[in-house]
Amino acid sequence: MSKAATFLNSQVGRKIATGVTGLGLVLFIIVHLLGNLAYFAGPEAINTYSYTLHQLGPMLWIVRLGLLAFFVYHAWLGLSIWLERRRARPEKYEVYATRGGASRQSWSSNSMILTGILLLLFVITHLNTFAFYDFATITHGGVEMHDVHARLTEVFLHPLYTVYYVVIMVLLGMHLRHGVWSAFQSLGWMSRKTNPIIYSIAFVLALIIAIGFIGLPISIYFQLV
Amino acid sequence: MTIHLKIWRQKDSNTPGRLVDYTLDDVNPDMSFLEMLDWLNERLMNEGKEPVEFDHDCREGICGSCNLVLNGMAHGPYEATAVCQLHMRKYKDGDTIVVEPWRAKAFPMIKDLVVDRSAFDRIMAAGGYISVNTGAPADANAIPVDKYNADLAFDYAACIGCGACVAACPNSSASLFTGAKISQLAHLPQGNPERKRRVVRMVDQMAEEGFGDCSNYAECEAVCPAEISITSIAKMRREYFNALSEIE
Ligand code: HEM
Ligand code: SF4
Ligand code: FES
C-alpha cells in the first residue's frame, strides 16, 4: 500500500479524515446558510445570488465534485467506524451506563450514525427538490435567470415539507453538537484548557446553524416575509 | 448490611455465561468491594461450590489488575477509583449490584470475571519502550527535563494499564491507554530516539488486536482510575501525523 493509503486506513488516519471531511462540510453549510439569507432581501437578491453562482462554470463543478467526494467519504468513514464498533464487542453488557463527569456521551454523540444516515437521505431528496428542478425563469435588470425565490416560496408553503425540513435541521444541529467538538479532538487540536471551551463553542455553532436553517421555511410558511 | 449481587459466571470462552444471583446479608461497610467477593467466595467454597474467579493484586489502586464492571460502569460509580479502592460504605443496605467482566473482542474471556488483557502487553511491546545502554546505572537527572514536560509526562505515566477505558468505551477503543503511553514518552527526551516509529507501531498494533475506532465519547476519561485525560488521544493524533515519514 502507498503511504497515503496506509495513513488513511489507520485508526488515527480515519479519524483525521472524518474530522477534515466533517469540518469541510460544516464550512460548506455555513456558506449555504449565508446564501439562504439572501431570500430575506427579496426575489432579486436570491435569484441573482443563484445566477452568479451558476456563472462560475467549471469552478462550480470543481466545488460540486469536491463536495460530493467529501460527503461520500465522510459517510463511508462514519459507517465503517460504526460497523467496526459492532465487531469490537461481540458480547454486549447486560447493564451499561455512562459515568457522567468527563464523558461526552449524550443524545447527540450516541446518535451520530442515525442523524448521519438521515442527513444522507435528506440531501438526496433536497437535491431533487431544488438542484435538479426545472426552474421557471424571471428577468432581473434585463438578465434572464432561474426564479429560485418562487420555488422556495412554493415548497415551503407545503406544511408537510416544511415540517420535514425543520426536523432534519434539528437533526443536523444534533450531528454538529458532538461533531464540531469531536472534529477538533480528531485533528489533535485540543488541550485540557481548550476542551471545555471548544465543547461550548460547538454547542453555540450547532444552535446557530440549526436556527439559521429553520428560520427560512418558518418565515415562508407563516408568511412573515 | 445486605447486598444483592448478580455476578457474571462463565466456565470458559466456549461456554455461554449468565448472571447468577447471590445475597450477602452480613456485609461489613468497611469491606472493600473485593473483600466482599472474598467473603462470598469463602462461603461458596465452604458449601463445596466453585468460587467466583476475579483478577486482583495490589488492592491499593496501583497495579491495574482489578477489572469489574459494576451496574454498567467500569470500576464502579466513583471517579478516580479502581474497584479495589471502592468500599461497601458507598452503597446502601439492600442495594443490588450487577457485576460483569470487561467486554471486548480484544480481551477474550478466560473465566467468570477474568479476561485476557495481554493485547495491552503486545501494544507495549510494539513501541512502548525506550532504548538505554546496559551497564552501570546512569546518574539520576543526568538528562535535564523541564518542569512543564516532566509534569505532563508524569500525568500520563499514571496509567496503570487496567483496561477500564476499553471496557467503558462504546466502541471498545484502546485509544486512551495507547495515547497515555505515547504521550508520556513524547514529553521526555528519553523517548525521542524511537518517537516516530513508536506511534506508528503502537497505533497499528491497536487495530491489529481488534480494538474499535475512537468516536471521542470521552467515556474513557470518566472511568479512568488514574484520571488520564483525552488530551493524550489528541496528542497521539498529532504524533501520528508528525510521523508520516515513518509510515510505509
Ligand atoms: C450535512 C452533512 C454533514 C456534516 C456537516 C457532518 C459533520 C460531521 C462532523 C464535523 C463530524 C465530526 C468528525 C470527527 O469526529 O472527527 C462528523 C462525524 C460523524 N458523521 Fe457527519 N456530517 C455530515 C453528514 C454525515 C453523513 C451523511 C453521515 C453518515 C451516513 C455522517 C456520519 C457521521 C458519523 C457516524 C460521525 C461520527 C464518526 C465517529 O464515530 O467518530 N455524517 N460529522
Ligand atoms: S488509561 Fe486509565 S482506564 Fe485506561 S488502562 Fe490506563 S489507567 Fe486504566
Ligand atoms: S488490585 Fe491493583 S489496582 Fe486494583
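Quick note on labels: first sequence line is chain A, next is B, and so on, each numbered from 1.
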Of the backbone (N, CA, C, O) and the side chain (C-beta and beyond), which part of [X] lies under 4.5 Å from a heavy atom of chain A, both, or neither?
X        : answer
B:Leu19  : side chain
B:Leu70  : neither
B:Ser245 : backbone
B:Ala167 : both
B:Val69  : side chain
B:Tyr78  : backbone

With a sphere of 6.0 Å drawn around [atom1] of [X], does it hold more than 12 non-hydrogen atoms of other residues, nucleotides or ligands?
X        : atom1 : result
B:Phe154 : CZ    : no
B:Lys6   : NZ    : no
B:Phe241 : CZ    : no
B:Glu194 : CD    : yes
A:Tyr221 : OH    : no

Identified side-chain contact (heavy atoms from CB on, under 4.5 Å) partner of A:Gln11 from the options B:Met206, B:Met236, B:Arg237 | B:Met206

Taking the side chain from [X] and the backbone from [Y], do they hold a donor-acceptor pair closer than 3.5 Å?
X        : Y        : value
A:Lys3   : B:Ile247 : yes
A:Tyr93  : B:Ala168 : no
A:Glu94  : B:Val98  : no
A:Gln185 : B:Ile230 : yes

Any side-chain heavy-atom pair of B:His75 and A:Arg99 under 4.5 Å = yes

Chain B heavy atoms under 4.5 Å from [X]: which part of the residue, side chain, backbone, both or neither?
X        : value
A:Arg192 : both
A:Ile81  : both
A:Trp82  : neither

Residues in residues 114-133 of chain A that sit under 4.5 Å from chain B, counting heavy atoms only = none

Which residue out of [options] racks up the most heavy-atom pairs below 4.5 Å with chain B?
options                              : answer
A:Thr18, A:Asn110, A:Thr194          : A:Asn110
A:Glu84, A:Arg86, A:Met190, A:Arg104 : A:Arg104
A:Ser186, A:Ser10, A:Gly101          : A:Ser186

Quick check on the interface: out of [options], who has the most heavy-atom pairs with chain A under 4.5 Å?
options                               : result
B:Glu100, B:Glu239, B:Met73, B:Lys235 : B:Glu100
B:Cys169, B:Pro77, B:Pro170           : B:Pro170
B:Leu244, B:Asp204, B:Val199          : B:Leu244

Starting from the C-alpha separation in whole Å, work towards a yes-or-no answer on side-chain contact (heavy atoms from CB on, under 4.5 Å) for B:Arg103 and A:Lys92.
-> CA-CA 7 Å; B:Arg103 296 195 191 276; A:Lys92 304 263 172 300; 5.9 Å; no

Where is the tightest heavy-atom contact between B:Ser172 and A:Ala88, given as atom of each residue plus distance?
-> OG-O, 3.5 Å

What residues of residues 211-229 of chain B sit under 4.5 Å from chain A when you count only heavy atoms?
-> B:Phe211, B:Gly212, B:Asp213, B:Cys214, B:Ser215, B:Asn216, B:Tyr217, B:Ala218, B:Glu219, B:Glu221, B:Ala222, B:Val223, B:Ser229

Decide yes or no on side-chain contact (heavy atoms from CB on, under 4.5 Å) for A:Arg87 and B:Lys105, but give the supporting numbers first.
-> CA-CA 8 Å; A:Arg87 210 194 40 69; B:Lys105 180 165 181 274; 3.2 Å; yes

